[in-house]
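Report on the following structure.
Read the numbers this way: they start at 1 and go in the same order the structure lists the ligands and their atoms. Worth saying up front: this structure is predicted, and the values here are computed from it rather than measured.
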Amino acid sequence: MADPSTLPQHIAIVMDGNGRWAMQRGKPRSYGHQAGSDALKRTIEAAMRRHIPILTVFAFSCENWRRPRNEVRKLLDLFLKALNKEVRELDEHGVRINFIGDRSMFNQTLREGMAQAEQRTCNNTALQLNVAVNYSGRTDIVAAARRIAAAAATGNLAADDLTEERLNEELTLAHLPPPDLFIRTGGEKRLSNFLLWQIAYTELHFSDVLWPDFGADALAAALADFAGRERRFGGLSQVRSA
Ligand code: IPE
Ligand code: IPE
Ligand code: MG
């Protein structure tokens, strides 16, 4: 395990900027998504070299269905291609893959590919990779609230027994520590409905690097930024409490 005082145990990444990267080169947006998939591979390798145990990446949001059909189709094709092409190598490197988000919108081929990738890698321990597809933080919270409401309706939960811990149990990633570091590439300074509950005390790092250019150097910059943060969780700093 990495040293929790200076190295994040869990990094969440909004991989943004693929389209702009492609436009800058006079290419279609899908060219940027392809390059983005290579950047993810590089970033996984770099994270493993740094002994980061958990990565959670935003690949497709519930809101991304609003994009032109052609772009959505190309993104999902690319996703399937990456599943077929990369899973074996990730498995050989000890990566455990898990998908988060609502899969019911995807076709059977994609759903089977996802289930197979999870199954094949389920005993790996070098790095836990969570890929968020058709995920949104609010949807996650609403799904949790629905299960809680159902438990209450059947008399299995009293209102007073609903605690943060109990709600957390119903949310995605409940079995993992929350992200220590949130990285968003592409220059926009917003969360875009990625993990909301889970990042209540996460350190935020916004990078102007477009996702296809991300890799070991940009990760090093984010880690250096993180190492300089003082996490107080509502308490006082060492200096001020003296
Ligand atoms: C992120 O890059 C990838 C997805 C949202 C799927 P974008 O496609 O949002 O790239 P920009 O922000 O338009 O440059
Ligand atoms: C966030 O990027 C979603 C992913 C990276 C998958 P977007 O490009 O969709 O976010 P907005 O539209 O700029 O907020
Ligand atoms: Mg974008």
Heavy-atom contacts under 4.0 Å between L210 and ligand 1: side chain, backbone, both, or neither?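 Looking at L210 and ligand 1, no heavy atom falls under 4.0 Å.
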Taking heavy atoms and a distance under 4.0 Å, where does S61 meet ligand 1: side chain, backbone, both or neither?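 Neither part.
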Side chains of [Y] and [X]: any donor to acceptor distance under 3.5 Å?
X: W197; Y: N168; value: yes
X: R111; Y: S104; value: no
X: D102; Y: Y135; value: no
X: T121; Y: D91; value: no
X: Q116; Y: E112; value: no

Is NZ or CZ of R25 both nearer than 6.0 Å to the six-membered ring centre of W21 and within 45° of the ring axis?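 Yes, R25 lies over the aromatic ring of W21.
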Kindly work out whether a path of hydrophobic side-chain contacts (I/L/V/M/F/W/Y, heavy atoms less than 4.5 Å apart) joins L173 to I44.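 No, no single cluster joins them.
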Within ligand 2, which atoms have a heavy atom of [X] less than 4.0 Å away?
X: V14; value: 1 (C), 5 (C)
X: F60; value: 6 (C)
X: R190; value: 11 (P), 13 (O), 14 (O)

Would you mind checking if R166 and D161 are paired as a salt bridge, meaning a charged N to carboxylate O distance below 4.0 Å?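 Result for this pair is no, no salt bridge flagged.
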Sidechain N-carboxylate O distance under 4.0 Å for E71, R69: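 So E71 does not pair with R69 through a salt bridge.
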Distance-only criterion, 3.5 Å: show the donor-acceptor pairs between side-chain atoms of residues 141-153 and protein atoms not counting sequence neighbours.
| from | atom 1 | to | atom 2 | distance (Å) |
| --- | --- | --- | --- | --- |
| R147 | NE | E170 | OE1 | 2.8 |
| R147 | NH2 | E170 | O | 2.6 |

Keeping to distances under 2.8 Å, can you name the protein N/O/S atoms close to the Mg ion (ligand 3)?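 Within the sphere that stays under 2.8 Å of the Mg ion (ligand 3), the protein atoms of type N, O or S are D16 OD1.
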Starting from [atom], what is the nearest protein heavy atom, named by residue and atom, and what distance separates them?
atom: atom 7 (P) of ligand 1; value: D16 OD1, 3.5 Å
atom: atom 14 (O) of ligand 2; value: S192 OG, 2.6 Å
atom: atom 9 (O) of ligand 2; value: N64 ND2, 2.9 Å
atom: atom 10 (O) of ligand 1; value: G19 N, 2.9 Å

A59 heavy atoms, cut-off 4.0 Å: which ligand 1 atoms fall inside?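 Listed by number with element, the hits are 6 (C).
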Which ligand 1 atoms, with their elements, are less than 4.0 angstrom from a heavy-atom of R20?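 Near R20, meaning under 4.0 Å from one of its heavy atoms, ligand 1 has 11 (P), 12 (O), 14 (O).
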Return the option from [options] holding the heavy atom at the smallest distance from [atom].
atom: atom 6 (C) of ligand 2; options: Y135, F58, F194; result: F58
atom: atom 2 (O) of ligand 2; options: R184, E188, E63; result: R184
atom: atom 5 (C) of ligand 1; options: R67, M15, H33, R29; result: R67

Applying a strict 4.0 Å limit to heavy atoms, is G186 in contact with ligand 1?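 The answer is no: ligand 1 sits nowhere under 4.0 Å from a heavy atom of G186.
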Test of understanding: given a 4.0 Å heavy-atom threshold, classify the contact between A132 and ligand 2 as side chain, backbone, both, or neither.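 It is neither part, as no heavy atom is under 4.0 Å.
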Exercise: identify the closest heavy-atom pair between [X] and [Y]:
X: D180; Y: Q9; answer: OD2-N, 2.8 Å
X: N18; Y: G36; answer: OD1-CA, 4.0 Å
X: L210; Y: G17; answer: CB-O, 3.8 Å

Only one of F79, W65, F99, F194 clears ring-ring contact (aromatic ring centres under 6.0 Å, His included) with F60; which?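 Exactly one pass, corresponding to W65.
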Any protein heavy atom sitting closer than 4.0 Å to atom 12 (O) of ligand 2?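 When distances to the protein are checked, atom 12 (O) of ligand 2 has no heavy atom within 4.0 Å.
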